[in-house]
Each structure stands twice: as structure tokens, then as C-alpha cells.
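Each remark here refers to the structure printed beneath this line.
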Protein chains: 2
Amino acid sequence: MIGKLVFFYNLSQTIIMSQRERILDIAETSMRARGYNAVSFREIAGEIGIKSASLHYHFPKKADLGLELVKRYSENFRTALNSATENAANPIEKIEAFIDLHRNALIEQELLCLCVVLGAEARSLPEDVNSSVANFFQSNINWLTDAYQDAGFENAPSRAKAGVATLAGALIASDSLKDNSVFEAAADSVLKS
Amino acid sequence: MIGKLVFFYNLSQTIIMSQRERILDIAETSMRARGYNAVSFREIAGEIGIKSASLHYHFPKKADLGLELVKRYSENFRTALNSATENAANPIEKIEAFIDLHRNALIEQELLCLCVVLGAEARSLPEDVNSSVANFFQSNINWLTDAYQDAGFENAPSRAKAGVATLAGALIASDSLKDNSVFEAAADSVLKS
DNA sequence: GCTTGCCTATCATGTGATAGGTTGTTATTT
DNA sequence: AAATAACAACCTATCACATGATAGGCAAGC
């Protein structure tokens with residue numbers, strides 16, 4: 001068996017999802033829920049229905065899986081961001097879309113941002129995983145800087161740094177307190193001029 | 001041997017630090033650097049120079065250690081906050097002191113906030129550890145709400161939620177990027193009216 | 001026939017945890 | 001004062017289990 005039939009509700013078509021993608025999906029969900037060090041090969045494999053040794057065929061080391069996970073997450077995040085902003089009427093709507101991506105993670109998916117979780121475990125991560133996480137934060141800061149600039153906000157770079165930090169922390173605090181109003185308060189502050 | 005002589009620079013006196021405190025100190029440093037799941041009894045014991053079995057004498061289960069850690073951290077944080085704000089000339093200085101506690105962790109100690117780290121691992125933590133972490137966030141939000149209120153800021157509760165989130169996320173992003181300007185930008189936004 | 005994707009079996013190491021013994025100090029009794 | 005009980009704080013030894021990882025085999029499909 002090469003691929004498994006997966007029905008993508010929003011595409012209304014049947015596509016082939018590779019086993020590799022399936023592994024990444026499950027690993028991502030697990031790590032976003034419990035962190036890098038709390039997730040094991042056996043657990044991921046078990047959820048798919050294969051043996052942990054088979055996982056090593058796709059990802060020889062855990063660091064390989066972690067690295068690929070962060071890269072894919074960053075790409076998907078950027079893709080979703082582009083797709084959500086291409087019809088934006090103004091820069092403010094773009095920023096709202098940026099916030100929405102975080103809100104969606106917390107409220108719909110009930111998960112944190114992968115890079116926020118891994119960022120908290122930074123010193124126990126393989127080095128290249130770590131720097132990929134840093135890249136995610138930096139590229140988000142850059143993106144948000146541009147958006148603030150376009151919106152005519154003052155101190156766009158500083159505001160963008162604060163904005164990325166605010167959303168990251170809002171996910172953690174909101175999730176810990178099981179109180180989405182924390183996220184909404186944070187979202188407001190990111191939009192405030 | 002019951003205690004070890006420890007010189008407290010700011011007290012100019014020699015006190016006895018219990019082994020229990022020493023264990024908590026090392027466990028706190030380790031967990032704030034690498035997270036709950038990356039820290040083992042053997043590692044903590046090794047750093048002190050005892051065996052891991054002896055650790056279980058002081059803290060039977062890892063959850064006991066974790067819980068005690070969060071409680072002690074919360075108390076110490078509150079104590080430091082009170083001590084730093086008792087001479088504050090105005091509410092703004094109080095908020096600055098609140099920010100300074102976070103800045104000190106990141107820049108002087110080169111560590112994150114314990115509860116920020118544990119918050120990111122929430123779903124893999126023992127339940128009572130988890131709710132203690134939530135208590136930390138809530139009491140910080142309450143404290144900051146009062147401070148904003150005293151300072152005459154509008155929407156103090158919402159602002160406080162955003163402020164706590166911002167500082168939490170700033171620690172992670174700043175640490176990951178090894179760029180303290182992220183923290184400073186976040187700190188500015190917390191102070192901004 | 002080569003590649004892909006899985007399998008079984010195994011490995012060394014790390015993990016939290018327990019049982020039971022040893023030592024030195026402190027408190028109580030004789 | 002001496003003997004004894006009690007306790008705190010460690011130890012050794014061991015446990016069952018989880019972990020990441022490797023070697024080698026097997027079947028399907030191009």
C-alpha cells in the first residue's frame with residue numbers, strides 16, 4: 001500500500017495522502033498538545049497502526065522528524081496566511097487574518113502553535129530544530145512589521161515584535177486558564193493603534 | 001549532614017539551606033531551561049551529588065516535585081513583586097517592576113518563567129501541577145488589573161490579560177531568537193497607555 | 001531487479017519508582 | 001552520664017517499563 005484514501009472536506013475530492021504526511025500530521029498534533037519530549041516514536045506509530053521501527057524508515061532520527069515538522073508547519077502557516085490575506089481590503093484585515101490563524105489553532109483545533117511549544121523547550125531541542133523555530137518567529141515578525149507599516153502604524157518593527165510575542169503568550173495563558181477571553185484581550189491589543 | 005552552608009550575598013549572613021531547597025533550586029533551573037519532561041530525577045540528583053533514590057525521599061513522585069516547584073515559584077514571584085513595589089512612587093513604577101521581574105529572568109538568569117515553560121507542556125503535566133500553573137497566570141492577571149486600574153488606564157482587565165500574555169510570549173520569542181529587543185518591544189507595549 | 005514500506009527482533013540506555021539497609025544526629029529514658 | 005529509641009537523610013540494589021535506534025527479512029509494485 002502506497003497511500004491511504006483521505007477525503008478532504010474542503011476540496012470535495014479524494015486525494016492520496018502519503019504515509020509520510022500522515023506521520024507528520026499525528027506528530028504535529030501530539031507535539032502541539034504535549035511538547036517535543038513528551039512524544040515518542042511508539043506513540044505516533046501506534047496511532048497510525050504501524051510499528052515504531054517503520055517510523056525510522058521515514059525519519060531516521062527524532063531530530064529529523066522534529067525538523068521536518070517545524071519546516072512543514074512554517075510553510076503551511078505561510079501558505080494559510082497568504083491565502084487568507086490575498087483578498088484583504090486593507091492592511092488591518094491582513095493583521096486580523098494573522099490573528100485569526102492563531103485563534104483558529106486555539107479554539108478550533110484546541111492546540112497551541114507548534115513553534116510556541118517548541119520554543120518553550122528550546123534548550124532541550126536538537127540545534128537545527130531550534131533554529132528553525134527561531135526562523136518561524138523572525139519571519140512572522142518581518143511579516144507583521146510590513147503589515148503594520150502598510151497600515152501606517154508608528155514603530156512598526158517594535159510593534160510587530162510585541163505582537164508576535166503577545167499572540168504566542170496568549171495561546172499559552174489562554175490554554176492554561178481554559179479562558180479564551182485572555183486570547184481575545186491579547187488579540188485586541190495587537191490590533192490597537 | 002543536615003544542611004549545607006550557603007552564603008547569601010544580599011543578607012551578609014550565613015544561613016542553612018536545606019537539602020530540600022537545594023533540590024528545588026536545581027530542579028527549577030533545569031525545568032525553566034528545558035521543560036518538565038526533559039528533566040529527570042537522576043540528573044537533578046547527580047548535580048547535587050546524591051543518588052536519585054534519595055530524591056524520592058524528599059519528593060516521592062515527580063508530580064510532588066513539580067507541584068512544589070510551581071508553588072514555591074509562585075510564592076517567590078509574589079514576594080519579589082511585593083518587595084519591588086513597596087517603594088514605588090506610582091502605579092506605573094509598579095508595572096515597571098512587574099516587567100523587571102520578567103526581564104531579570106530572561107537577561108540576568110538567562111531562564112524563562114517556570115510557568116510559561118510548563119504552560120506550554122500543559123497537557124503532558126500532572127493535573128494538579130497544571131492547575132497551579134493556571135493559578136499563577138490568574139493571580140498575575142489580577143495583580144496587573146489592579147495596577148492598571150490604579151494607573152487610571154481604561155479596560156484594565158483586558159489590558160492585564162494582554163499584558164501577562166505579552167510578557168510570557170516575549171520570554172519565549174526573545175529566548176528563541178536570542179534577541180532581547182523582542183522582549184524590550186514587548187515591555188514597551190505593556191507600559192503603553 | 002530495484003525500490004518502497006513495512007515487519008520482527010533486538011539493543012543499550014534512561015526512566016520513575018520501591019524495598020531495605022546504614023549512618024549520624026537528636027530525644028527520651030534509665 | 002550512659003543506654004536506647006527515634007528519626008532524617010542518605011545508600012545499594014533492583015524493578016518494570018519506555019525510549020530511540022539498528023539489523024535484517026519479506027512482500028508488493030513499477
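The sequence lines fix the lettering, A, B, ..., with proteins before strands; numbering per chain opens at 1. As a basis for the values below, the full set of heavy atoms in this structure was taken, side chains included, without hydrogen atoms, waters or symmetry mates.
- Checking the phosphate oxygens (OP1, OP2) of C:dG5, no side-chain nitrogen or oxygen of A:H56 falls inside 4.0 Å.
- A:R42 places its CZ atom 13 Å from the P atom of C:dC7, with the value rounded to the nearest Å.
- Residue whose closest nucleotide on DNA chain C sits further toward the 5' end, between B:E43 and A:I50: A:I50.
- The phosphate of C:dC7 (OP1 or OP2) has a side-chain N or O of A:S54 nearer than 4.0 angstrom.
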List the steps and the verdict of salt bridge (charged side-chain N to carboxylate O under 4.0 Å, His left out) for B:D25 and B:R72.
-> CA-CA 10 Å; B:D25 280 351; B:R72 192 185 74 143; 2.9 Å; yes
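- The CD atom of A:E121 lies 8.5 Å from the CE atom of A:M31; values are rounded to the nearest 0.5 Å.
- Proximity of A:K61 to the phosphate of D:dT22: a side-chain N or O atom is located under 4.0 Å from OP1 or OP2.
- Geometric assessment of A:R159 against the ring of A:F153 yields a negative cation-pi assignment under the 6.0 Å and 45° thresholds.
- Taking only side-chain atoms of A:A53, from C-beta outward, the nucleotide of D:dT14, D:dA21, C:dT8 with the closest atom is C:dT8.
- At a threshold of 4.0 Å, the pair A:R20-A:E68 counts as salt-bridged, since one of the basic side-chain nitrogens sits closer than that to a carboxylate oxygen.
- Between A:S40 and D:dT19, a side-chain N or O to OP1/OP2 separation shorter than 4.0 Å is present.
- Distances shorter than 4.0 Å separate none of the side-chain N or O atoms of B:K51 from OP1 or OP2 on D:dC11.
- Between B:F59 atom CZ and D:dA9 atom C1' there is a gap of 13 Å when expressed in whole angstrom units.
- Per the geometry, NZ belonging to A:K62 stands 15 Å off P belonging to D:dA18, to the nearest Å.
- At whole-Å resolution of the value, NE2 in A:H58 and P in C:dT3 are 17 Å apart.
- Separating the CG atom of B:L55 from the P atom of C:dG14 is a distance of 17 Å, rounded to the nearest angstrom.
- Taking atom CG of B:N37 as the reference point, atom C1' of D:dA18 lies 13 Å away to the nearest angstrom.
- Considering only the side chain of B:Y57, D:dA8 comes nearest among D:dT22, D:dG20, D:dA8.
- In this structure, B:D64 places its CG atom 12 Å from C1' of C:dA17, rounding to the nearest Å.
- At whole-Å resolution of the value, CD1 in B:I23 and P in C:dG16 are 14 Å apart.
- To the nearest 0.5 Å, atom CG of residue B:L112 and atom CZ of residue B:R34 are 12.5 Å apart.
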